[in-house]
Asker: 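Sending over a structure as structure tokens; questions will come in a sec.
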Amino acid sequence: MIATADSAEKTIISYNPATGEEVGRVRISSAEDVQKAVTLSRAASREWRQTSFAARRDLMMRAREVILAEVDEIAHLILRESGKPFGEAIAMEIAPVLDLMQYFARNTEKLLKPAKIGIGLYALMGRSSKIIYQPLGVVGIIPAWNYPFSIPLGEAVMALMAGNTVVIKPSELTPLVGVKIRDIFEKAGFPQNAVQVVTGDGSTGAALVEAAPDKIMFTGSVATGKKIAAAAAKNLTSVVLELGGKDPMIVFADANLELAARAAVWGAFCNSGQSCSSVERLYVQESVAAELTRKIVEKTKRLKQGFGDREDVSVGAMSSERQIKIVEDHVEDFRASGAKIEIGGRRNPEFEGLFYEPTVITNANNDMRAMQEETFGPTLPIATFSTEEEAIRLANDSEFGLTASVWTRDRAKGERVARQIEAGSVCINEVLYTHGIGQTPWGGFKNSGLGRTHGREGLMELVQPQHIHINKLALLPDAWWMPYSATAVETFRGFATKFASGSLLKTTTLMPQLLKRIRELLKR
Ligand code: NDP
């Protein structure tokens with residue numbers, strides 16, 4: 001593992017996975033530190049929830065300014081802790097989160113506007129209902145290391161705009177990016193303890209769950225997600241789980257193959273394949289398989305791999321030795337089970353750091369273990385199909401369901417197929433990038449997760465709906481109140497057969513019985 005926890009000194013040392021150089025050190029927060037952070041956060045949340053949306057918006061826009069003033073510095077920090085190219089740190093982390101910030105700064109009030117609810121015939125009794133959205137309190141954020149800036153920051157922005165305070169536990173591989181997030185909010189002038197960062201390893205994350213925040217936003221593996229859900233259940237803390245993927249890309253013969261090949265290369269190899277929505281399985285219609293493969297291999301050959309600070313580098317280092325070993329294991333599984341490595345298939349011998357060559361594999365099929373388990377590395381296995389039904393069946397043959405893409409010039413077919421794919425987001429003639437659209441919900445079907453981040457659906461995870469019900473004619477007792485009697489029972493029968501039909505006409509015939517019951521109640 002590149003980042004090591006030195007328990008004697010109670011520090012985590014963060015290393016650059018491309019060079020092995022130390023990037024910096026952070027303290028390991030103890031369970032007591034974490035509990036204290038949640039307690040302080042809860043106290044801060046009482047004031048923060050009273051702030052107006054306008055005040056929150058102004059602070060958030062200031063935080064954007066802080067980031068804009070430091071784009072290069074932040075991108076360098078991201079690349080040093082994660083190994084990804086400088087350009088990718090800007091394009092895939094900083095730019096999307098800046099967009100998310102302005103969107104939620106400007107629109108949260110509108111998205112959380114109290115909503116009047118139609119309550120049918122109850123309205124005729126002078127009642128009205130509305131939903132208002134209350135903040136939860138403290139939101140605990142536990143992200144993975146692959147997008148160490150945009151994922152926790154985006155979640156923090158949404159939580160804060162909704163009136164919550166946050167405690168973030170960054171991955172032990174990228175703790176300094178986590179600390180940077182706290183500094184940004186501090187510089188922007190957010191109140192003390194509105195945004196706190198506790199640093200450490202998995203046990204610090206576990207301590208954050210134990211400390212009973214009001215919500216846990218978790219991004220990571222299925223195995224850890226299940227542990228967190230179980231631990232959170234003890235305090236009835238609700239969780240959003242953004243977990244793994246094995247995302248399929250389906251290319252039909254009528255697709256723009258040049259574009260599909262470029263998309264496959266980017267979708268499989270950006271961030272060295274360490275994206276939950278990476279293309280991990282490509283299914284191409286038999287008649288164009290050879291042509292698409294040739295194009296993909298040619299484009300892969302032209303990719304420059306190297307240190308992220310060089311602007312012409314497209315593929316950087318992987319984040320950890322553990323991750324690169326999974327890639328090696330999967331490539332070995334492909335080899336052993338009869339697939340063909342067209343290009344790549346090894347650590348890059350030019351470097352000592354954690355560089356795995358972009359790898360294109362043909363003759364893959366769903367019976368291979370590596371076509372079922374998440375790889376999270378720069379591999380692009382290609383399999384073929386003949387019919388639309390087969391493509392859908394192969395794409396759905398997975399425990400995961402995060403994203404998918406369908407490539408065809410026939411938009412009706414694209415949408416028909418998309419609707420049958422079991423995944424939280426399906427793109428037609430696009431790939432991977434929709435996490436970057438803050439306006440749209442993000443989350444998985446099946447083992448890819450629970451709940452949503454982003455979009456209105458994601459915002460709803462960060463508030464609790466409160467129903468406010470008003471009786472505007474509060475002069476008479478309700479017919480269903482005590483004491484009961486034979487008249488009451490007769491009236492209740494009428495409720496069941498007439499009022500509950502939803503028909504105004506039928507309900508009108510209940511009026512004499514209702515008046516009888518009310519008169520009875522007024523006498524008692
Ligand atoms: P892990 O599940 O190992 O870790 C995720 C986070 O949880 C880290 O911060 C980790 O800390 C922390 N953690 C570990 N153990 C515990 C515990 N018992 N209690 C609380 N927190 C804990 O995932 P990876 O870091 O390996 O991330 C890769 C996974 O993330 C992939 O499966 C990927 O698909 C998924 N992912 C999903 C996304 C989505 O949106 N659906 C987006 C990005 C990634 P530490 O690192 O310090 O051990």
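The chain is numbered in sequence order, starting from 1. Both ligands and their constituent atoms are indexed starting at 1 by order of listing.
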Asker: Please say which of Thr11, Leu176, Val198, Val197 ends up in a side chain to side chain contact (heavy atoms under 4.5 Å, CB included) with Val26.
Answerer: Leu176
Asker: Do Thr219 and ligand 1 have an N or O pair less than 3.5 Å apart?
Answerer: no
Asker: Do any heavy atoms of His435 fall under 4.0 Å from ligand 1?
Answerer: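 False for this residue.
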Asker: I need the single residue from Val166, Val66, Val157 that forms a side chain to side chain contact (heavy atoms under 4.5 Å, CB included) with Phe185. Which is it?
Answerer: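 Only one option passes, and that is Val157.
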Asker: Considering distance alone, does some N or O of Ser448 sit under 3.5 Å from an N or O of ligand 1?
Answerer: no
Asker: Run the numbers for me: atoms of ligand 1, each under 4.0 Å from some heavy atom of Ala206, listed by number.
Answerer: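 This gives 19 (N), 20 (C), 21 (N) as the contact atoms.
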Asker: With heavy atoms of Ile151 as the reference, note each atom of ligand 1 found under 4.0 Å away.
Answerer: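 Result: 42 (C), 43 (C).
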Asker: Quick check on contacts: which atoms of ligand 1 are under 4.0 angstrom from a heavy atom of Ala144?
Answerer: 25 (O), 27 (O), 30 (O)
Asker: Contact between Leu243 and ligand 1, counting heavy atoms under 4.0 Å?
Answerer: yes
Asker: When you measure from the side chain of Thr375 to the backbone of Gly377, do you find a donor-acceptor pair of N or O atoms at a distance under 3.5 Å?
Answerer: no
Asker: Tell me, which protein residue and heavy-atom name are nearest atom 17 (C) of ligand 1, and how many Å apart are they?
Answerer: Gly202 O, 3.6 Å
Asker: Give a yes or no answer on whether the side chain of Glu210 reaches the backbone of Ala232 with a donor-acceptor pair at less than 3.5 Å.
Answerer: no
Asker: Counting only heavy atoms closer than 4.0 Å, does ligand 1 sit against the backbone of Ile228, its side chain, both, or neither?
Answerer: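 Side chain only.
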Asker: Please collect all ring pair (Phe, Tyr, Trp, His ring centres under 6.0 Å) contacts where either partner lies in residues 416-439, sequence neighbours excluded, each pair once.
Answerer: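 Listed once each, the pairs are His435-Trp442, His435-His454.
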Asker: Starting from atom 46 (O) of ligand 1, find the nearest protein heavy-atom neighbour and note its residue, name and distance.
Answerer: Ser171 OG, 2.8 Å
Asker: Just grab all the ring pair (Phe, Tyr, Trp, His ring centres under 6.0 Å) pairs involving residues 142-162, residues at least two apart or on different chains.
Answerer: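 Non-adjacent pairs meeting ring pair (Phe, Tyr, Trp, His ring centres under 6.0 Å): Trp145-Phe376.
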Asker: Is Ser221 in polar range of ligand 1, meaning some N or O pair under 3.5 Å apart?
Answerer: yes
Asker: I need the atoms of ligand 1 closer than 4.0 Å to a non-hydrogen atom of Glu172, numbered in the order shown.
Answerer: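 Near Glu172, the atoms of ligand 1 are 45 (P), 46 (O), 47 (O), 48 (O).
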Asker: Suppose I only count heavy atoms of Gly200 and a 4.0 Å limit; which atoms of ligand 1 are within that range?
Answerer: 47 (O)
Asker: How far is atom 15 (N) of ligand 1 from its nearest protein heavy atom, and which residue and atom name does that atom have?
Answerer: Thr224 CG2, 3.4 Å
Asker: Roughly how far, to the nearest 0.5 Å, is CG of Asn16 from CD of Glu22?
Answerer: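 The distance works out to 11.5 Å.
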Asker: Applying a strict 4.0 Å limit to heavy atoms, is Pro143 in contact with ligand 1?
Answerer: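 Yes.
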Asker: For the pair Asn271 (side chain) and Gln274 (backbone), establish whether a donor and an acceptor sit closer than 3.5 Å, ignoring hydrogens and angles.
Answerer: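 Flag set: sc Asn271 to bb Gln274 pair under 3.5 Å.
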Asker: Determine whether any heavy atom of Phe218 lies closer than 4.0 Å to an atom of ligand 1.
Answerer: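 The answer is yes, since Phe218 has a heavy atom less than 4.0 Å from ligand 1.
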Asker: Which ligand 1 atoms does Glu374 reach within 4.0 Å, using its non-hydrogen atoms?
Answerer: 31 (C), 32 (O), 33 (C), 34 (O)
Asker: What protein heavy atom sits nearest atom 38 (C) of ligand 1, and how far away is it?
Answerer: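 For atom 38 (C) of ligand 1, the nearest protein heavy atom comes out as Cys276 SG, 2.9 Å.
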Asker: Which residue and non-hydrogen atom of the protein lie closest to atom 28 (C) of ligand 1, and at what distance in Å?
Answerer: Phe376 CE2, 3.8 Å
Asker: What closest approach, in Å, do Asn366 and Asp397 show between heavy atoms, and which atom pair accounts for it?
Answerer: ND2-OD2, 3.0 Å
Asker: May I ask you to identify the nearest protein heavy atom to atom 10 (C) of ligand 1, giving residue, atom name and distance to one decimal place in Å?
Answerer: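 For this ligand atom, the closest protein heavy atom is Lys169 NZ, 4.1 Å.
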Asker: Should you measure from each heavy atom of Ile142, which atoms of ligand 1 turn up under 4.0 Å away?
Answerer: 6 (C), 7 (O), 9 (O), 12 (C), 21 (N)
Asker: Polar contacts were defined as any N/O atom of the residue lying under 3.5 Å from an N/O atom of the ligand; does this apply to Gln323 and ligand 1?
Answerer: no
Asker: Checking side chain to side chain contact (heavy atoms under 4.5 Å, CB included) against Phe218, which of Leu450, Leu243, Val239, Val240 comes through?
Answerer: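 Per the side chain to side chain contact (heavy atoms under 4.5 Å, CB included) rule, the option paired with Phe218 is Leu243, out of Leu450, Leu243, Val239, Val240.
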Asker: Could you tell me whether Arg322 approaches ligand 1 through its side chain, its backbone, both or neither, with non-hydrogen atoms closer than 4.0 Å?
Answerer: side chain
Asker: Between Lys299 and Ala264 (side chain of the first, backbone of the second, donor and acceptor by atom type, cut-off under 3.5 Å), is there such a pair?
Answerer: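 Not at all, since once roles are kept as given, no pair shorter than 3.5 Å links the two residues.
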Asker: Could you tell me the residue and atom name of the protein heavy atom closest to atom 40 (O) of ligand 1, and the distance to it rounded to 0.1 Å?
Answerer: Trp442 NE1, 2.9 Å
Asker: Indicate yes or no for a side-chain donor-acceptor contact from Asp333 to the backbone of Ala370 under 3.5 Å, with no hydrogens or angles considered.
Answerer: yes
Asker: Please check: side-chain N/O of Ser29 versus main-chain N/O of Thr199, any donor-acceptor pairing under 3.5 Å?
Answerer: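 Side chain of Ser29 to backbone of Thr199, a donor-acceptor pair under 3.5 Å: yes, one is there.
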Asker: To the nearest 0.5 angstrom, please state how far the CD atom of Gln196 sits from the CD1 atom of Ile141.
Answerer: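 That separation rounds to 12.0 Å.
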Asker: What's the shortest heavy-atom distance between Leu462 and Ala162, and which atoms?
Answerer: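 That closest heavy-atom pairing would be O-CB, 4.1 Å.
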Asker: Among protein heavy atoms, which lies nearest atom 29 (C) of ligand 1, and at what distance?
Answerer: Gly220 C, 3.4 Å
Asker: Has Arg42 got a side-chain atom pairing as donor or acceptor with Val138's backbone, closer than 3.5 angstrom?
Answerer: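 No, the answer is negative, given that no donor and acceptor are paired below the 3.5 Å cut-off.
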Asker: With heavy-atom distances below 4.0 Å as the criterion, list the atoms of ligand 1 near Asp201.
Answerer: 47 (O)
Asker: What do you reckon, does Trp145 have a nitrogen or oxygen under 3.5 Å from a nitrogen or oxygen of ligand 1?
Answerer: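 The answer is yes, given that Trp145 and ligand 1 share an N or O pair closer than 3.5 Å.
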Asker: Decide salt bridge (Lys or Arg N to Asp or Glu O under 4.0 Å) for Glu70 and Lys187; before the verdict, give the C-alpha distance in whole Å, the side-chain angles of both, and the deciding distance to 0.1 Å.
Answerer: CA-CA 12 Å; Glu70 298 180 17; Lys187 275 192 195 165; 2.6 Å; yes
Asker: Can Ser277 be said to touch ligand 1, with heavy atoms closer than 4.0 Å?
Answerer: no
Asker: Of the backbone atoms (N, CA, C, O) and the side-chain heavy atoms from C-beta on, which set of Asn146 has a member under 4.0 Å from an atom of ligand 1: side chain, backbone, both, or neither?
Answerer: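 It is the side chain that touches ligand 1; the backbone stays farther off.
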